[in-house]
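The next block holds one structure in the form of structure tokens; read it before the comments.
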Amino acid sequence: MVVHMPNFSPISIEHIADAVGQEVTIRGWLRQRRSSGKIHFLVIRDGTGEIQGVVNKATVEPEQFERSAQLTQESSVMITGTPRAEPRATSGYELDVHTITIVQLAEPFPIQPKEHSVGFLMEHRHLWLRSRRQHAVLRIRHEIIRACRDFFDDRDFTLIDTPIFTPNACEGTTTLFQTQYFDQTAYLAQSGQLYSEASAAAFGKVYCFGPTFRAEKSKTRRHLMEFWMVEPEMAFAELVDAMDLAEGLLKMVVERVLDRRQSELKILERDVSKLEVVVPPLPRVTYEEAITVLKEKGVAIEFGDDFGGDDETVLASSFDKPVIVHRYPASIKAFYMEPDPEAPNLALCMDVLAPEGYGEIIGGGQRIHNYDTLLARIKEHRLPEEAFRWYLDLRKYGSVPHAGFGMGIERVVAWICGLEHVRETIPFPRMLYTLYP
RNA sequence: UCCUCGGUAGCUCAGCUGGUAGAGCGUUCGGCUGUUAACCGAAUGGUCGCAGGUUCGAGUCCUGCCCGGGGAGCCA
């Protein structure tokens with residue numbers, strides 16, 4: 001199949017403004033064709049943008065006009081023509097088409113420019129990715145991931161990736177995907193944190209960024225079975241350092257998307273004023289204060305209860321930016337949380353709740369650095385001591401206070417894009433009972 | 001695991017107290033020189049999720065099962 005034309009180098013549609021008046025070739029797919037008898041309008045997308053091509057029967061070769069009449073939705077094409085500014089076009093530019101090369105004439109495309117059910121679209125996720133909305137969401141996802149990496153790289157964190165096959169539960173509470181690792185049982189990682197703690201003692205400031213797996217049968221708009229998490233961990237750091245870091249990270253992520261992805265936010269019809277207010281300082285409340293706020297709003301909750309999805313929404317709606325909630329009761333948090341020296345029943349932990357009901361986007365805190373305290377917690381939680389031998393070792397050889405957190409990428413993307421459901425924030429979502437495509 | 005809603009044409013849906021299966025979009029053909037989910041005319045389209053049952057007669061009523069949407073718990 002020929003995809004190179006001898007005399008023209010292809011240009012991407014996002015740079016079409018630079019080529020006004022010159023003959024150029026674009027390579028892409030036909031989003032839509034409209035016809036008015038002797039004039040055809042071809043909407044072409046190439047992954048960077050879209051442009052309407054005009055094929056005028058009076059000015060093109062008859063065989064070119066015939067060819068444009070045959071084109072079906074999503075046919076792959078190479079189109080040579082001259083771009084010009086056009087006030088009637090939605091993108092501001094149009095292409096006067098001279099020649100059309102059909103790379104492949106597409107069969108009838110399942111996804112039409114009309115409403116479809118979520119089930120149908122998910123079944124055709126591999127094709128749905130071509131839509132304007134999905135394209136915008138995934139470009140914003142990319143921008144968010146790039147902002148996270150830049151944030152940590154700029155602050156001298158070292159990227160230390162953690163394993164996906166693990167011998168045991170990191171936290172022991174959530175359900176893990178079990179698999180065979182030759183002749184022994186292994187589990188897919190639910191967090192890189194414990195390994196990041198080891199890395200932090202070697203590199204000082206580290207982060208890991210990878211997929212995590214939870215086999216919980218959660219069926220809500222906030223859950224996926226496979227999702228991506230960025231997890232920084234810092235040696236010589238305490239709870240307040242983790243909170244400061246989280247605040248800085250969120251600031252940078254939101255700033256970057258507002259700065260570089262305005263057109264995508266517009267496609268998604270996101271109310272950007274809700275994002276523009278996300279500037280430090282973020283409100284910080286203790287768990288106890290949060291319980292008081294909830295009680296004042298009439299929520300039936302008592303000190304010691306964990307927040308449900310609705311509680312998080314009520315709490316977050318009291319603020320117009322993400323809110324940091326810290327010092328939860330140790331009893332409802334993971335075993336490795338450092339106890340508060342001023343109130344040993346509390347943990348030096350924090351969660352960040354996104355506004356507008358998007359829920360917990362960050363969870364973390366300060367880790368136990370004392371050997372005896374950690375061993376006692378492992379026993380209390382009835383965790384297999386042998387499996388945690390290496391983790392306990394970290395408390396024997398130069399242990400220091402250390403802290404970090406994990407940020408769930410899909411929830412952040414859902415929040416920033418203003419989406420109803422996290423399933424659109426990842427190219428191929430893994431959901432309860434849905435593994436195809 | 002529990003609660004709840006749904007499954008009818010390729011897609012989105014309508015189908016009343018049981019009585020011959022419908023529309024729009026798509027597709028095909030024809031018309032139209034500025035369309036924006038174009039428009040106009042014609043043609044095309046069905047194992048009513050599956051299996052039983054009630055009935056003269058079931059898309060419609062009953063039972064069981066399968067699949068999907070939304071939510072709860074749990075979590076990021």
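Note that these values count all heavy atoms, side chains included, but never hydrogens, waters or copies made by symmetry. In what follows, chains carry the letters A, B, and so on, assigned in the order in which the sequence lines appear, proteins first and then strands, with residues in each chain numbered from 1.
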By a strict heavy-atom criterion of less than 4.0 Å, which residues belonging to [range] are in contact with RNA chain B?
range	value
residues 412-422 of chain A	His421(A)
residues 46-62 of chain A	Gln52(A), Asn56(A), Ala58(A)
residues 37-45 of chain A	Gly37(A), Lys38(A), Ile39(A), Phe41(A)

- Item | All pairs passing salt bridge (Lys or Arg N to Asp or Glu O under 4.0 Å) where residues 95-107 of chain A contributes a residue, at least two apart |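 Non-adjacent pairs meeting salt bridge (Lys or Arg N to Asp or Glu O under 4.0 Å): Arg84(A)-Asp96(A).
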
- Please list all pairs passing the salt bridge (Lys or Arg N to Asp or Glu O under 4.0 Å) test where one or both residues lie in residues 56-82 of chain A, with sequence neighbours left out.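 Pairs touching residues 56-82 of chain A that pass the test: Arg45(A)-Glu74(A), Glu74(A)-Arg130(A).
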
Sequence neighbours left out, cut at 3.5 Å: what donor-acceptor pairs do the side chains of residues 264-272 of chain A make with other protein atoms?
residue: Glu264(A); atom: OE2; partner: Arg139(A); partner atom: NH1; Å: 3.4
residue: Glu264(A); atom: OE2; partner: Arg261(A); partner atom: NH1; Å: 3.3
residue: Arg270(A); atom: NE; partner: Trp415(A); partner atom: O; Å: 3.4
residue: Arg270(A); atom: NE; partner: Ile416(A); partner atom: O; Å: 2.9
residue: Arg270(A); atom: NH1; partner: Glu356(A); partner atom: OE1; Å: 3.1
residue: Arg270(A); atom: NH2; partner: Glu356(A); partner atom: OE2; Å: 2.9
residue: Arg270(A); atom: NH2; partner: Trp415(A); partner atom: O; Å: 2.8
residue: Asp271(A); atom: OD1; partner: Ser273(A); partner atom: N; Å: 3.1
residue: Asp271(A); atom: OD1; partner: Ser273(A); partner atom: OG; Å: 2.6
residue: Asp271(A); atom: OD2; partner: Ser273(A); partner atom: OG; Å: 3.4

- Task: Tell me, please, which residues at least two apart from Glu338(A) pass salt bridge (Lys or Arg N to Asp or Glu O under 4.0 Å).
- Result: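 Salt bridge (Lys or Arg N to Asp or Glu O under 4.0 Å) check on Glu338(A) returns nothing, list empty.
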
- Message: Restricting to salt bridge (Lys or Arg N to Asp or Glu O under 4.0 Å), what partner residues turn up for Asp150(A), sequence neighbours left out?
- Response: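 So Asp150(A) forms a salt bridge (Lys or Arg N to Asp or Glu O under 4.0 Å) with Arg256(A).
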
- Identity of whatever pairs with rU27(B) - Watson-Crick or G-U, under 3.5 angstrom: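 Partner of rU27(B): rA43(B).
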
- Message: Under 4.0 Å, counting only non-hydrogen atoms across every strand here, what does Arg132(A) touch: a base, just sugar-phosphate, or nothing?
- Response: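 No contact at all - Arg132(A) keeps every heavy atom at 4.0 Å or more from the nucleic acid.
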
Please tabulate, for side-chain N and O atoms in residues 322-331 of chain A, each donor-acceptor pair with protein atoms closer than 3.5 Å (sequence neighbours left out).
residue: Arg327(A); atom: NE; partner: Asp340(A); partner atom: OD2; Å: 3.0
residue: Tyr328(A); atom: OH; partner: Asp351(A); partner atom: OD2; Å: 3.3

Rounded to the nearest angstrom, tell me the gap between atom [atom1] in [X] and atom [atom2] in [N].
X	N	atom1	atom2	result
Gln190(A)	rC74(B)	CD	C1'	12 Å
Phe307(A)	rA72(B)	CZ	C1'	18 Å
Asp310(A)	rC75(B)	CG	P	16 Å

Between the protein and nucleotides 8-12 of chain B, which nitrogen or oxygen pairs are less than 3.5 angstrom apart?
residue: rG10(B); atom: N2; partner: Gln112(A); partner atom: NE2; Å: 2.9
residue: rC11(B); atom: O2'; partner: His116(A); partner atom: ND1; Å: 2.6
residue: rC11(B); atom: O2; partner: Lys114(A); partner atom: NZ; Å: 2.3
residue: rU12(B); atom: OP1; partner: Ser117(A); partner atom: N; Å: 3.2
residue: rU12(B); atom: OP1; partner: Ser117(A); partner atom: OG; Å: 2.5

Report, one line per pair, each donor and acceptor closer than 3.5 Å where one atom sits in a side chain of residues 111-120 of chain A; sequence neighbours left out.
residue: His116(A); atom: NE2; partner: Gln112(A); partner atom: N; Å: 3.0
residue: His116(A); atom: NE2; partner: Gln112(A); partner atom: O; Å: 3.2
residue: Ser117(A); atom: OG; partner: Phe120(A); partner atom: N; Å: 3.2

- Message: Distance to the ring centre below 6.0 angstrom and angle to the axis at most 45 degrees; does that hold for Arg430(A) and Phe428(A)?
- Response: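 Here Arg430(A) fails the 6.0 Å and 45° test against Phe428(A).
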
Compile the donor-acceptor pairs under 3.5 Å between side chains in residues 248-255 of chain A and protein atoms, sequence neighbours left out, one pair per line.
residue: Lys251(A); atom: NZ; partner: Glu255(A); partner atom: OE2; Å: 3.1

- Query: Quick one: does Ser218(A) reach the base of rC74(B) with a side-chain donor-acceptor pair under 3.5 Å?
  - Reply: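 Between rC74(B) and Ser218(A), which were checked side chain against base, a qualifying N/O pair under 3.5 Å is present.
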
